[in-house]
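Quick note: numbers below take in every heavy atom, side chains included, and nothing from hydrogens, waters or symmetry partners.
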Amino acid sequence: MPSPSTAPASAPASLATAIRTGVALLALAAFALSYDALRQMAAASHIHHLLTYAFPLVIDGFIAIGIGALLVLRTAPLRSRLYVAGLVGIATLTSIWANVLHAVRVNQQTRHTGLALDDITVGVISAIAPLALAGAVHFYLLVARQPEPHESARPTTEDVTAEGGSPAATQEPACGIDEVQDDPDQVAEPQKPPAERRGRLPSATLEQAVEIGRTAALGRGGRTSRRHIEKAIRDKGLAVGRERLDRAKDILQSELDQAAEPLGTS
């Protein structure tokens with residue numbers, strides 16, 4: 001017997017599939033209507049007859065791609081979104097203008113033997129196709145971006161009971177408190193300091209850095225060497241920051257200068 005929690009999930013999934021199929025068919029129909037008008041406009045513009053078939057693809061195809069780009073760039077900066085929206089708007093207006101102009105001119109040059117429509121009505125009707133194409137592409141992308149509901153992978157306790165199973169069988173055995181307390185191997189070990197867990201060297205204090213720096217070799221001109229002090233500290237298995245190392249170097253250099261003053265005055 002299917003679970004009640006999974007029964008409603010199939011309905012939205014099938015509905016979304018039906019909507020995507022219907023929107024795709026609507027987009028194809030709108031594209032075909034707009035395609036015919038734009039191809040005739042390209043032929044009237046003296047475009048080579050082999051290239052007139054590509055003219056509608058440039059305009060209507062740009063509209064479809066631009067709408068998709070707008071959905072992708074929803075989190076992009078405002079300037080980028082306005083730029084893409086402006087291009088999509090220009091392409092849409094161009095398609096509408098071409099369809100309306102084609103319908104009006106054909107209406108003016110045709111002798112009506114049946115139902116006759118004025119130019120405004122003909123123009124409005126011809127604008128439906130490019131507008132429907134842009135709207136259908138937008139609808140399709142919006143529906144396609146919606147996540148489909150997933151069936152619940154873990155059955156509930158009521159489902160297991162209804163199928164004749166035992167709810168206790170689906171539960172993992174829990175360890176008792178007495179068992180944990182009686183087992184000496186399960187006693188939690190004290191946590192190590194972050195430096196030991198990550199494998200980092202302990203940091204030397206300023207006093208340690210000065211003391212170790214006194215044993216370091218001097219640099220050029222008999223002055224303290226920052227590099228030698230750092231090497232001596234690291235040889236002791238300690239780490240030291242740049243600021244603390246500079247302070248230790250200044251202290252050691254001051255000690256050297258004070259030790260050299262009696263020699264210079266004598």
Are any non-hydrogen side-chain atoms of T205 and Q208 less than 4.5 angstrom apart?
yes

Whether H228 side chain and A217 backbone form a donor-acceptor pair below 3.5 Å:
yes

Return yes when atom CD of Q109 has more than 12 non-hydrogen atoms of other residues, nucleotides or ligands closer than 6.0 Å, and no otherwise.
yes

Restricting to salt bridge (Lys or Arg N to Asp or Glu O under 4.0 Å), what partner residues turn up for D36, sequence neighbours left out?
none

So the side-chain hydrogen bond (donor to acceptor under 3.5 Å, both in side chains) pairs with at least one residue in residues 214-225 (sequence neighbours excluded) are R214-E255, T224-Q253

Distance-only criterion, 3.5 Å: show the donor-acceptor pairs between side-chain atoms of residues 46-71 and protein atoms not counting sequence neighbours.
unit_1 : atom_1 : unit_2 : atom_2 : d
H48    : ND1    : L50    : N      : 3.1
T52    : OG1    : H49    : O      : 2.9
D60    : OD1    : S95    : OG     : 3.0
D60    : OD2    : S34    : OG     : 2.9

Thinking salt bridges, do D246 and R242 make one under a 4.0 Å N-O criterion?
no

Scan for side-chain hydrogen bond (donor to acceptor under 3.5 Å, both in side chains) pairs involving residues 71-91, sequence neighbours excluded, and state none if there are none.
none

The criterion is side chain to side chain contact (heavy atoms under 4.5 Å, CB included); which residues satisfy it with D119, sequence neighbours excluded?
V104, N107, Q108

Run the side-chain hydrogen bond (donor to acceptor under 3.5 Å, both in side chains) test against R39 and tell me which residues pass, sequence neighbours left out.
none

Do any N or O atoms from the side chain of S254 and from the backbone of D250 form a donor-acceptor pair under 3.5 angstrom?
no

Let me have the donor-acceptor pairs involving side chains of residues 121-133, under 3.5 Å, with sequence neighbours excluded, atom names and distances please.
unit_1 : atom_1 : unit_2 : atom_2 : d
T121   : OG1    : D118   : OD1    : 2.8
T121   : OG1    : D118   : OD2    : 3.3
S126   : OG     : N99    : O      : 3.3
S126   : OG     : V122   : O      : 3.3
S126   : OG     : G123   : O      : 2.7

Please name all residues satisfying salt bridge (Lys or Arg N to Asp or Glu O under 4.0 Å) with R244, sequence neighbours left out, ordered by chain then number.
none

Residue pair H102 / A37: nearest heavy atoms and the distance that separates them:
ND1-CB, 3.7 Å

What residues, two or more places apart in sequence or in another chain, satisfy salt bridge (Lys or Arg N to Asp or Glu O under 4.0 Å) together with R234?
E230

Run the side-chain hydrogen bond (donor to acceptor under 3.5 Å, both in side chains) test against K236 and tell me which residues pass, sequence neighbours left out.
none

Could you work out, with side-chain hydrogen bond (donor to acceptor under 3.5 Å, both in side chains) as the rule, every residue matching R247, not counting sequence neighbours?
none

In the hydrophobic clustering that connects Ile, Leu, Val, Met, Phe, Trp and Tyr at side-chain heavy-atom distances below 4.5 Å, which members other than L245 occupy its cluster, ordered by chain and number?
L206, V210, I212, I229, I233, L238, V240, I251, L252

